[in-house]
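Okay, structure first, notes after.
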Amino acid sequence: RADQDFHMIAPGDSVAVGVSGGKDSLLLLRALSIYREFSPNPFALSAITVSPGLEPFDLSGVQAMCDSLDVPYHIIQTEIGKIVFEERKESNPCALCSKMRRGALANACNELGINKLALGHHRDDAIETLLMSLLFEGRFHTFHPVTHLDRTDITQIRPLIYSSEKQIIALTRKLNLPVVESPCPANHHTRREEMKRLMDELCKKYPNARAQILSALKNEAQYGLWTREESARDD
């Protein structure tokens, strides 16, 4: 439905899943490997992991999964972890790390002749990003389901945008996907985790809060956040 609503995949697209090793990207890879069998628009599928240069980071399970799905798998070695935590000593490391990983993924797509980069962001990620923008930046903003990156001419798509994190967790366990524990020192100690806990508390009193916020994001007449494809510089 996300593909139909936001026209994510066109005939002949070459789509790469940005695989972090976490549950979201692994489930997205599995889902797209199935979707390519009946999608109205034929597309090629591959997977790319940007290794941050932190240990332990064993990707053998991901490699085996890709082999079983007949999906080419590319691992890009970087020193992003060292730059963020040792050289820059960032107080808010997530922003810089995300920017550098996204840039490395886009560059890899260019080198491999891939025009669409599929990311594992889901409904709850969009809501948490919206809350962070409101509380820390004073603006009503979140990422778009489809974003064209001007400099590299890559289009980012987020096919899990309608999926809840609870659904993803349940399916990941059911399918026994080879989740890789993040080696990041800031894992589970971020602003996003704070927003997640805030939404959990809100949903205890208002159980439909997440669904209502998603409805607001989709409301073209009033807000228009997801009305059209977003364009962004990727530098």
Side-chain angles (χ1 to χ4, degrees), residues 1-53 57 59-80 97-122 125-126 143-163 168 177-180 182 226 228-235:
R1 184 157 62 90
D3 179 27
Q4 294 170 359
D5 287 355
F6 298 105
H7 311 290
M8 293 182 172
I9 299 175
D13 274 347
S14 180
V15 179
V17 177
V19 176
S20 66
K23 63 185 188 313
D24 307 329
S25 59
L26 288 176
L27 185 65
L28 175 60
L29 177 60
R30 177 69 180 270
L32 284 176
S33 73
I34 297 171
Y35 186 55
R36 65 180 169 177
E37 301 299 326
F38 61 88
S39 168
N41 298 320
F43 64 94
L45 182 64
S46 58
I48 303 174
T49 292
V50 172
S51 174
F57 196 50
L59 296 170
S60 58
V62 180
Q63 180 68 68
M65 175 180 169
C66 290
D67 291 343
S68 69
L69 297 175
D70 193 24
V71 171
Y73 184 38
H74 308 276
I75 301 174
I76 310 300
Q77 300 293 342
T78 75
E79 293 188 349
I80 291 174
C97 181
S98 176
K99 184 176 182 179
M100 293 180 71
R101 285 189 295 111
R102 213 67 61 76
L105 281 169
N107 289 337
C109 286
N110 280 152
E111 292 174 4
L112 295 167
I114 292 163
N115 67 309
K116 295 281 176 73
L117 174 61
L119 303 173
H121 297 132
H122 48 69
D125 287 327
F143 53 73
H144 196 280
V146 178
T147 305
H148 184 74
L149 304 179
D150 291 335
R151 184 171 62 84
T152 51
D153 200 27
I154 298 295
T155 299
Q156 293 178 348
I157 60 175
R158 296 173 169 94
L160 296 182
I161 200 68
Y162 290 150
S163 302
I168 291 170
L177 298 181
V179 174
V180 181
S182 172
W226 285 357
R228 64 186 68 84
E229 179 181 314
E230 187 178 69
S231 185
R233 288 186 57 81
D234 50 331
D235 55 8

May I have the step-by-step check of side-chain contact (heavy atoms from CB on, under 4.5 Å) for His148 and Ile154, ending in yes or no?
CA-CA 6 Å; His148 184 74; Ile154 298 295; over 6 Å; no

Quick check against the 3.5 Å criterion: does Thr49 have a side-chain atom that pairs as donor or acceptor with the backbone of Val19?
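Yes; at least one donor-acceptor contact below 3.5 Å.
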
Between Arg36 (side chain only) and Ser33 (backbone N and O only), is there a donor and an acceptor less than 3.5 Å apart?
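Pair found, side chain donor or acceptor close to backbone of Ser33.
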
Would you compute the distance between atom [atom1] of [X] and atom [atom2] of [Y] and round it to the nearest 0.5 angstrom?
| X | Y | atom1 | atom2 | result |
| --- | --- | --- | --- | --- |
| Asp24 | Arg158 | CG | CZ | 12.5 Å |
| Phe43 | Leu45 | CZ | CG | 5.5 Å |
| Tyr35 | Asn41 | OH | CG | 7.0 Å |
| Ser14 | Leu117 | OG | CG | 11.0 Å |
| Ile48 | Ser20 | CD1 | OG | 13.0 Å |
| Thr147 | Leu119 | OG1 | CG | 8.5 Å |

Report the relative orientation of the aromatic rings in Phe6 and His144; use parallel for angles under 30°, tilted for 30 to 60°, perpendicular for over 60°.
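Perpendicular, since the angle between the ring planes exceeds 60°.
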
Of the non-hydrogen atoms in [X] and [Y], which two are nearest, and what is the gap between them?
| X | Y | result |
| --- | --- | --- |
| Ala2 | Ile161 | CB-CG2, 3.9 Å |
| Ala118 | Val15 | CB-CG1, 3.9 Å |
| Ala47 | Val71 | N-CG1, 3.8 Å |
| Arg30 | Leu177 | NH1-CD2, 4.1 Å |
| Leu149 | Gln156 | CD1-NE2, 3.4 Å |
| Met8 | Asp3 | N-OD1, 3.2 Å |

Are Ser46 and Ile114 packed together at the side-chain level, in the sense that at least one heavy-atom pair is separated by less than 4.5 angstrom?
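Counting from C-beta outward, Ser46 and Ile114 do come under 4.5 Å.
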
Just so I know, are the side chains of Leu29 and Cys66 near enough to count as touching, which here means a heavy-atom distance under 4.5 Å?
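Heavy-atom side-chain distance check passes, below 4.5 Å.
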
Asn107 versus Glu111, side-chain donor and acceptor atoms under 3.5 Å
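Looking only at side-chain atoms, Asn107 and Glu111 do not form any donor-acceptor pair under 3.5 Å.
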
Going through the distances and angles, do Asp67 and Tyr73 end up as a side-chain contact (heavy atoms from CB on, under 4.5 Å)?
CA-CA 8 Å; Asp67 291 343; Tyr73 184 38; 5.9 Å; no

Worked check of side-chain contact (heavy atoms from CB on, under 4.5 Å) between Thr155 and Asn115
CA-CA 6 Å; Thr155 299; Asn115 67 309; over 6 Å; no

